[in-house]
Structures are given as structure tokens and as C-alpha cells.
Undergrad: 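I have a structure here, written as C-alpha cells, and I will follow up with some questions on it.
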Amino acid sequence: MDDDYVEAVLALVEDVPAGRVTTYGALARAVGTGGPRQVGRVMALHGDAVPWWRVVHADGRPATCHGGTAVDRLREEGVPLMARGRVDVRATEVS
DNA sequence: CGGATGACGACAC
DNA sequence: GGTGTCGCCATCC
């Protein structure tokens, strides 16, 4: 595994301010290499060190792992949640 | 080396 | 709008 790649992804996630979110695809594009799935793997392995709940799917669904803890954290940070705890990605995603 | 799997994404129905 | 299918890339079996 590329620790370099991991560091790049984690850095980008840490750079996401509270109240804002980003998507796996966006991260993958930002890093340049690999794909959304690689980003997902990185989060699964080393995501415990970063605000992983600010990383959502392209359709606005929060990471469904951890038993839905993400929604609570997002709401607490002031992220505007839509019906069923979905995020308006187009409005909330980091530019 | 071939096939299955996954914190994904886009498209068709 | 929910569900199914296919494509993607790295890992695991």
C-alpha cells in the first residue's frame, strides 16, 4: 500500500472544514490517482484519524458504517441535512 | 493467474 | 425516486 497515497487522502479530508463535506469521487479526483474505491479503502483502514463523517457518497448518503453515527456528527456540526439524513452535496461539498 | 470483494459512481429501467 | 447492472482499481483467496 502507498502510505504516500494514504497521507494525501487524509490530508484532503482533514482540510474539509466543519459544516462542509466532500465526496469519495472528489477526493479521488483531487489526489489524481486510483479511484473512489481506493479512497474508500484508505478511509476504512486509516479513516479513524480524520473526520471521516465529512466524506459522503456522490448522491449525498453519509458513510453508512459505524451504525449511522455520521448523521449525528454532521447535524451537530451544522451540516444542512435533507430528508432521511441525506446531504445536499452540490450545495455543501467543498469547492 | 483467475475470480470474488469492497466506507464508490454513473446510467438504465 | 428506488433498484439493478456495469465499470473502476487495489486486495484477497
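The sequence lines fix the lettering, A, B, ..., with proteins before strands; numbering per chain opens at 1. Every value quoted in this text rests on a predicted model; they were computed, and no experiment measured them.
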Undergrad: Whole angstroms only, please: what is the CD-C1' distance between E93(A) and dG9(B)?
TA: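 Taking CD of E93(A) and C1' of dG9(B), I get 13 Å after rounding.
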Undergrad: If you look at every heavy atom in P51(A) and V13(A), which pair is closest and at what distance?
TA: O-CG1, 3.7 Å
Undergrad: Measure the distance from CG on L27(A) to P on dA10(C) and round it to the nearest whole Å.
TA: 16 Å
Undergrad: Would you say the side-chain atoms of D2(A) pair up with the backbone N or O of D4(A), donor to acceptor, closer than 3.5 Å?
TA: no
Undergrad: Would you indicate, yes or no, if dG1(C) has its OP1 or OP2 atom less than 4.0 angstrom from a side-chain nitrogen or oxygen of R86(A)?
TA: no
Undergrad: For the base of dC8(B), is there a side-chain donor-acceptor partner from R37(A) under 3.5 Å away?
TA: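 Result: at least one qualifying N/O pair found.
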Undergrad: If you take any heavy atom closer than 4.0 Å to DNA chain B, which residues from residues 46-61 of chain A end up in contact?
TA: W52(A), H57(A), A58(A)
Undergrad: Which ranges of DNA chain C pair up as stems, where a stem means three or more consecutive Watson-Crick or G-U pairs with both distances under 3.5 Å?
TA: B:2-6 with C:9-13, B:8-13 with C:2-7
Undergrad: Counting side-chain heavy atoms from C-beta on, which of dA7(B), dA10(C), dG7(C) comes nearest to Q38(A)?
TA: dA10(C)
Undergrad: In whole angstrom, what separates Y24(A)'s OH from dG7(C)'s P?
TA: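 About 24 Å, once rounded to whole Å.
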Undergrad: Please report the closest heavy-atom contact between A63(A) and Y24(A), naming both atoms and the distance.
TA: CB-OH, 3.7 Å
Undergrad: Could you give the CZ-to-P distance, from R41(A) to dC8(C), as a whole number of Å?
TA: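 Atom-to-atom, R41(A) to dC8(C), this comes out as 17 Å.
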Undergrad: Check the pair L10(A), H46(A) against side-chain contact (heavy atoms from CB on, under 4.5 Å), reporting the backbone distance first and the verdict last.
TA: CA-CA 8 Å; L10(A) 295 183; H46(A) 310 273; 4.1 Å; yes
Undergrad: Work out which heavy atom in H57(A) is nearest to a heavy atom in V89(A); give both atom names and the distance.
TA: O-CG2, 4.0 Å
Undergrad: Can a donor-acceptor pair be found, under 3.5 Å and without considering hydrogens, that links the side chain of R54(A) to the backbone of V16(A)?
TA: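 Between the backbone of V16(A) and the side chain of R54(A) there is a qualifying donor-acceptor contact (under 3.5 Å).
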Undergrad: Provide, to the nearest angstrom, the distance between the CE atom belonging to M82(A) and the P atom belonging to dG1(C).
TA: 10 Å
Undergrad: For the side chain to side chain contact (heavy atoms under 4.5 Å, CB included) test, which of D88(A), T92(A), V71(A) pairs with V79(A)?
TA: T92(A)
Undergrad: If you compare all heavy atoms of V55(A) against all heavy atoms of M43(A), which two are closest, and at what distance to 0.1 Å?
TA: CG2-CE, 4.0 Å
Undergrad: Mind checking salt bridge (Lys or Arg N to Asp or Glu O under 4.0 Å) for E7(A) and listing every partner two or more places apart, or none if nothing turns up?
TA: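 Result, salt bridge (Lys or Arg N to Asp or Glu O under 4.0 Å) vs E7(A): none returned.
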Undergrad: Rounded to whole Å, how long is the line connecting atom OH of Y5(A) with atom C1' of dT11(C)?
TA: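 After rounding, the gap between these two atoms is 14 Å.
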